[in-house]
Amino acid sequence: MKIDAIETLRLSEFGNLLWVQLHTDTGIIGLGETFFGPQAVEAHIHETVAPLLLGRDPLEIERISRQLQRGYLGFTGTGVEMRAASAIDLALWDIFGKSTGLPVWQLLGGLARPSVRIYNTCAGYKYIRSNEGQRSDNWGLPQQTNAGPYEDLDAFLNRADDLARSLLDQGITAMKIWPFDPPAEASDGRFISDEDLAIALEPFRKIRAAVGEKMEIMCEMHSLWDPGTAERIMTALAPLRPYWIEDPIKMTSAQDLARLRQRTRLPVCGSETLATRGAFREFLEANALDFVMLDLAWCGGLSEAKKIATLAETWNKPVAPHDCTGPVVLTASCHLSLNATNGLIQETVRAFTTGWYTEVVDTLPQIERGRVYPSRMPGLGLALKPERFAMPDCHRRLSAA
């Protein structure tokens, strides 16, 4: 079996996403995905990656993964090269599964558990849909009418108590919110007033008042704060018992994060923004993390994510794969969460899994009563919907042998 074409697909409606399809001479097609800067990743794939992969055996996953991650540039961080390597790696695992007739979780070593718990990241239907960055004016808040019942970002800002009750009704007992982002943007992460601090704490207070300890609350801080201001926020949050504080500062100094964790005594989660085992090793060695979060579209793909999970296990740290991006990464992450012996919880967004994810792929992981269950389909177990990608806003590019 050989790779005889590499195809990239973008949809104008979903301007942050790039899908990659690896075509083989046997007719098997592997599907991958990555997020942010899709046109730049697309260019790198066709300019640099395609000449390396065309004619290659797609089952040489480790060899290809190593080659794509060890270029002269782009072998650290989550830049274009790493995002391209991640998407390609997911597609290779999809081919492996389809060629053997087995789901990816089986190829990774089988199930470590029959299902895994989920939490709901409280985004809305159009959260960061355009390629304009991670900032509050790209949150896609509803203006006149809702797109559906799960405008959860607007809900956590204004009706966090009702939102918590709604999630509990569905068997979801953990949720993630990020009310501190607007004051961080206003001050470049260097200052938060007493008034803004009180406003941002209010959703946590509402949740605790409404449902008590029945709901675990994750606080996402998007790496926006300097250490001193992050400490002030975390100290104020402590009485409200957050389950974790995620990326309170830029993930560039393991020592700074370790000091912040030690001073506040709050559990720290990090980081979707890190790539490769080397970066995670530094934060684990510094004892800076309680929970290890990794994004399969950014960290190097499923191959690297499995190794990061194993590395985390040597420090007795659980892993919680990130997904607030796309359906292929969510699906691949579920395979890892079900397989990894230290898999703790899987991020999901119900506005996505019941909304636009269903517009672009033919199937999604089975989620019931706050848990996700393994697929029995070969490979990753999903495919792009041909009718959606036949529409005029689809941009296709093909490199062939």
Side-chain angles (χ1 to χ4, degrees), residues 6-11 14-22 30-45 49 61 64-65 68-69 74-95 104 108 121 123 127-129 131 133-134 220 222-223 246-247 251 270-277 279-280 292-309 319-337 340 346-349 352-353 356-357 360-361 364-365 379-382 384:
I6 300 177
E7 182 182 24
T8 55
L9 304 97
R10 293 183 286 109
L11 296 173
F14 307 106
N16 270 320
L17 279 155
L18 181 73
W19 290 276
V20 178
Q21 293 194 134
L22 298 184
L31 177 61
E33 178 185 85
T34 193
F35 190 82
F36 275 144
Q39 294 184 60
V41 180
E42 175 188 273
H44 175 71
I45 285 174
V49 176
I61 300 174
I64 291 171
S65 177
L68 293 182
Q69 287 190 40
F75 54 86
T76 62
T78 52
V80 165
E81 293 92 345
M82 192 62 67
R83 299 202 300 279
S86 300
I88 294 292
D89 187 78
L90 295 182
L92 293 173
W93 277 94
D94 193 30
I95 291 172
V104 164
L108 291 170
T121 285
Y127 179 68
I128 314 186
R129 183 172 292 194
N131 194 21
Q134 171 55 267
E220 165 72 90
H222 284 134
S223 300
E246 186 174 332
D247 290 4
M251 296 291 111
S271 168
E272 67 203 52
T273 66
L274 296 177
T276 76
R277 287 156 283 168
F280 281 93
V292 172
M293 175 170 285
L294 65 172
D295 189 299
L296 273 66
W298 299 336
C299 75
L302 189 55
S303 298
E304 191 70 14
K306 173 67 172 174
K307 294 165 187 172
I308 293 166
V319 294
H322 174 253
D323 176 68
C324 189
T325 54
V328 182
V329 170
L330 169 64
T331 302
S333 298
C334 290
H335 284 271
L336 178 66
S337 291
Q346 175 61 52
E347 180 174 16
T348 61
V349 184
F352 293 178
T353 58
W356 69 266
Y357 281 9
V360 297
V361 294
L364 287 167
L380 294 176
L382 79 171
L384 300 179

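We're numbering straight along the sequence, starting at 1.
In this structure, G32 and L90 approach most closely via the heavy-atom pair CA-CB, 4.0 Å. Of all heavy-atom pairs spanning C324 and A123, the tightest one is SG-CB, 4.3 Å. Among all heavy-atom pairs drawn from E33 and A297, the shortest one is O-CB, 3.9 Å. Taking each heavy atom of M82 and G74 in turn, the nearest pair found is CE-O, 3.9 Å. Here the closest heavy-atom approach between residue A340 and residue V319 is recorded as CB-CG2, 4.3 Å. Among all heavy-atom pairs drawn from L302 and L296, the shortest one is CD1-CD2, 3.5 Å.
Between Y127 and Q134, the closest side-chain pair of non-hydrogen atoms falls below 4.5 Å. With a 4.5 Å cut-off on side-chain heavy atoms, I6 and V20 count as touching. Residues E220 and D247 are in side-chain contact: their nearest non-hydrogen atoms beyond the backbone lie under 4.5 Å apart. Counting heavy atoms from C-beta on, the side chains of T78 and E272 never come closer than 4.5 Å. Looking at heavy atoms from C-beta onward, W93 lies in side-chain contact with S303 at the 4.5 angstrom threshold. Counting heavy atoms from C-beta outward, V329 and F35 have side chains that stay 4.5 Å or more apart. Under the 4.5 Å side-chain criterion, counting only non-hydrogen atoms from C-beta, D323 is not in contact with D295.
Rounding to the nearest 0.5 Å gives a distance of 9.5 Å between CG of L330 and NE2 of H335. A distance of 12.0 Å separates CE of M293 from SG of C299, quoted to the nearest 0.5 Å. Atoms CG and OG1, from L382 and T331 in turn, are 4.5 Å apart once rounded to the nearest 0.5 Å.
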Derivation and outcome, side-chain contact (heavy atoms from CB on, under 4.5 Å), residues V361 and L384: CA-CA 4 Å; V361 294; L384 300 179; 4.2 Å; yes
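By the side-chain contact (heavy atoms from CB on, under 4.5 Å) test, F14 is found to be paired with L11, L17, R129, W356, E359, V360, R388, residues two or more places apart in sequence or in another chain being considered. Every residue two or more places apart in sequence or in another chain that forms a side-chain contact (heavy atoms from CB on, under 4.5 Å) with D94 is listed here: L31, K98, L380. Looking at residues two or more places apart in sequence or on another chain, you find a side-chain contact (heavy atoms from CB on, under 4.5 Å) between A320 and W244, I345. A search for side-chain contact (heavy atoms from CB on, under 4.5 Å) contacts involving S337 returns V116, P321, Q346, not counting sequence neighbours.
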Under 3.5 Å, sequence neighbours excluded: what are the donor-acceptor pairs made by side chains of residues 36-44?
from	atom 1	to	atom 2	distance (Å)
E42	OE1	R10	NE	2.9

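Annotation: salt bridge (Lys or Arg N to Asp or Glu O under 4.0 Å) contacts involving residues 75-91, sequence neighbours excluded, are absent.
Using modelled atom types, one side-chain atom of E304 and one backbone atom of R277 make a donor-acceptor pair closer than 3.5 Å. At least one donor-acceptor pair closer than 3.5 Å links the side chain of S271 to the backbone N or O of T273.
W298 and H322 have their aromatic ring centers within a separation under 6.0 angstrom.
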